[in-house]
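Hydrogens, waters and symmetry mates play no part in the numbers below; they use all other heavy atoms, side chains included.
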Amino acid sequence: MTTLIESDEHTSLRAAVSAFAQTHPHTTNPEDGKRLWQAAAELGYIGVNLPEAYGGGGAGITELSLVLEELGAAGVPLLMMIVSPAICGTVIARFGTEEQKREWLPPLADGTRLMAFGITEPDAGSNSHRITTTARRDPATGDWILTGRKVFVSGVDIADATLIVGRTEDARTGRLKPCLFIVPRDAPGFGRRPIDMELNAVERQFELTLDDVRLPADALVGDEDAGLLQLFAGLNPERVMTAAFAIGMGRHALGKAVEYARERAVWNTPIGAHQAIAHPLAQAHIDLELARLMMQKAAHLYDAGDDVGAGEAANMAKYAAGEACVKAVDQAVHTLGGNGLTREFGLARLVTASRVARIAPVSREMILNYVSHQTLGLPKSY
């Protein structure tokens with residue numbers, strides 16, 4: 001049941017994560033990022049949502065999103081938390097075989113292994129029905145053979161495997177249906193190329209090629225006939241966690257702006273005393289708080305097992321958080337003036353990063369499509 005007031009346990013978790021994050025300055029060095037990940041995992045933060053039986057914290061997306069938000073608010077967000085424990089860990093925990101759970105969940109929880117997630121393709125965009133990565137069975141061995149391409153896949157270079165969304169042919173209808181496969185990083189035919197991004201982040205983006213990648217039969221996650229259910233079981237947490245990522249970033253930028261507005265004096269008066277400065281910052285705070293409420297609702301619905309309700313709320317949360325983050329970052333930079341563009345204050349890098357929450361994992365326009373069609377019942381234009 002959704003609550004508007006956080007529990008004492010959640011308040012304590014926020015405080016603990018915040019204190020931990022303050023001891024780790026922002027970095028773009030991959031080795032520093034790896035140490036931060038491992039340190040967070042040792043404290044139980046990375047696997048807080050994974051089942052206790054497999055080494056996790058036994059909590060949910062509610063707690064995992066709280067962790068990511070507080071890391072972001074301190075300026076050290078871990079993007080791979082969206083991918084490894086939230087998407088991949090959730091899918092394997094809910095639908096994986098016992099062998100897959102034993103192999104992957106404990107190391108995902110303790111931070112010794114990571115898993116990336118590949119769904120986006122060059123020509124499919126937001127239309128998952130146009131995914132062309134195909135999986136076919138070898139009748140002689142029962143192996144799966146994957147062929148296709150993926151783009152904008154985070155952290156493939158540091159991940160031990162990638163959860164790939166492919167499509168198989170339904171024997172009854174002949175139509176292609178989605179399925180998920182665990183592809184080890186060293187699988188023959190599995191290639192990666194870094195995409196040159198103007199993002200200041202530890203995690204890099206990659207284009208993947210799957211050239212007749214041969215996988216054993218047990219590389220398939222879950223039931224071959226339940227692909228859509230399994231896919232959306234991972235996408236709802238992805239949207240909640242992206243909202244947490246955005247809210248944390250927005251809070252971080254706003255905090256820097258408020259501190260500056262308190263201390264920066266012109267004509268013997270702090271600039272924060274002027275409503276032209278104070279009111280936009282107050283509006284940014286309100287927008288972030290409203291987005292957080294929707295994020296908490298989405299996380300609670302998901303953890304309660306309401307996939308349909310969580311789908312609607314997670315999309316709304318991601319939309320609200322993305323908009324609030326961009327506005328907060330923009331207003332923070334504007335508050336600092338020229339200083340907002342200096343490396344010293346670290347806000348300029350967020351101008352590009354904040355756009356990610358509007359674009360990925362689904363654009364705000366596609367969310368508006370979802371709400372207009374699914375929630376409001378309006379007809380489609382496509």
Side-chain angles (χ1 to χ4, degrees), residues 10 13-14 16-18 20-21 24 26-28 30 32-51 55-93 104-117 153-163 199 201-205 233-252 292 295-296 298-299 302-303 314 317-318 321 325 353 356-357 360-361:
H10 286 172
L13 179 59
R14 276 193 189 278
V17 175
S18 179
F20 162 78
H24 292 79
H26 171 76
T27 180
T28 58
D32 290 338
K34 188 182 299 183
R35 282 190 284 271
L36 172 60
W37 183 273
Q38 192 58 54
E42 289 172 1
L43 292 172
Y45 297 149
I46 299 298
V48 69
N49 67 307
L50 299 177
I61 294 300
T62 299
E63 289 75 18
L64 190 67
S65 61
L66 186 156
V67 170
L68 181 56
E69 181 194 338
E70 290 303 320
L71 289 173
V76 287
L78 290 171
L79 177 65
M80 289 302 288
M81 284 186 69
I82 301 174
V83 180
S84 194
I87 301 176
C88 301
T90 295
V91 169
I92 292 173
W104 284 103
L105 294 182
L108 290 183
D110 68 21
T112 54
R113 299 178 83 179
L114 281 86
M115 188 176 286
F117 178 65
V153 183
S154 303
V156 179
D157 56 330
I158 57 175
D160 298 272
T162 302
L163 187 63
L199 282 173
V202 172
E203 303 87 357
R204 295 194 295 170
Q205 301 294 311
L235 296 187
N236 285 338
E238 179 184 40
R239 283 152 173 72
V240 174
M241 291 293 286
T242 301
F245 182 84
I247 293 166
M249 188 189 310
R251 285 177 54 200
H252 178 67
R292 181 200 275 174
M295 178 189 75
Q296 290 172 327
Y302 185 82
D303 290 337
K318 187 269 177 189
C325 176
V356 174

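Partners of Asp160 under the side-chain hydrogen bond (donor to acceptor under 3.5 Å, both in side chains) rule, at least two apart in sequence or in another chain, do not exist in this structure. Checked against side chain to side chain contact (heavy atoms under 4.5 Å, CB included), Val153 has the following partners two or more places apart in sequence or in another chain: Ala116, Lys150, Val156, Thr162, Leu208. Scanning for side-chain hydrogen bond (donor to acceptor under 3.5 Å, both in side chains) contacts around His26 gives an empty result, with sequence neighbours left out. Applying the ring-ring contact (aromatic ring centres under 6.0 Å, His included) test to Tyr45 and every residue at least two apart in sequence or in another chain returns Phe20. Take Thr62 and apply the side-chain hydrogen bond (donor to acceptor under 3.5 Å, both in side chains) test, not counting sequence neighbours, and it matches Asp303. For the salt bridge (Lys or Arg N to Asp or Glu O under 4.0 Å) test, residues two or more places apart in sequence or in another chain that qualify with Arg35 are Asp32. Residues satisfying the side-chain hydrogen bond (donor to acceptor under 3.5 Å, both in side chains) criterion with Thr112, sequence neighbours excluded, are Asp110.
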Distance-only donor-acceptor pairs under 3.5 Å for side chains of residues 76-89, two or more places apart:
from	atom 1	to	atom 2	distance (Å)
Ser84	OG	Met115	N	3.1

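Between Tyr302 and Thr90, the closest side-chain pair of non-hydrogen atoms falls below 4.5 Å. No side-chain heavy atom of Asn49 sits under 4.5 Å from any side-chain heavy atom of Glu63.
Heavy-atom minimum distance, Ala109 versus Ile46: O-CB, 4.2 Å. When all heavy atoms of Ala298 and Ala314 are compared, the closest pair comes out as CB-N, 3.5 Å. Scanning both residues, Gly250 and Cys325, for their nearest heavy atoms gives N-SG, 4.0 Å.
Here salt bridge (charged side-chain N to carboxylate O under 4.0 Å, His left out) pairs that include residues 72-92, with residues two or more places apart or in two chains, number zero. Sorted by first and then second residue, the pairs that involve residues 235-247 and meet side chain to side chain donor-acceptor pair (under 3.5 Å), not counting sequence neighbours, are Arg239-Asn315. Sorted pairs that involve residues 77-88 and meet salt bridge (charged side-chain N to carboxylate O under 4.0 Å, His left out), not counting sequence neighbours, are lacking altogether. Under the salt bridge (charged side-chain N to carboxylate O under 4.0 Å, His left out) criterion, the residue pairs touching residues 67-81 are Arg14-Glu69, Arg14-Glu70, Glu69-Arg251, Glu69-Arg292, Glu70-Arg251, with sequence neighbours excluded.
Here CE of Met241 is found 15.0 Å from NZ of Lys318. Values are rounded to the nearest 0.5 Å. Leu66 contributes atom CG, which lies 9.5 Å from atom CG of Leu71 (distance to the nearest 0.5 angstrom). Atoms CD and CG, on Glu203 and Asp157 in that order, are 9.5 Å from each other to the nearest 0.5 Å. Expressed to the nearest 0.5 Å, how far CD1 of Ile158 lies from CZ of Arg113 amounts to 14.0 Å.
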Could you walk me through whether Phe117 and Leu235 pass the side chain to side chain contact (heavy atoms under 4.5 Å, CB included) test, one step at a time?
-> CA-CA 11 Å; Phe117 178 65; Leu235 296 187; 4.1 Å; yes

Side chain to side chain contact (heavy atoms under 4.5 Å, CB included) assessment of Trp37 paired with Val202 = CA-CA 11 Å; Trp37 183 273; Val202 172; over 6 Å; no

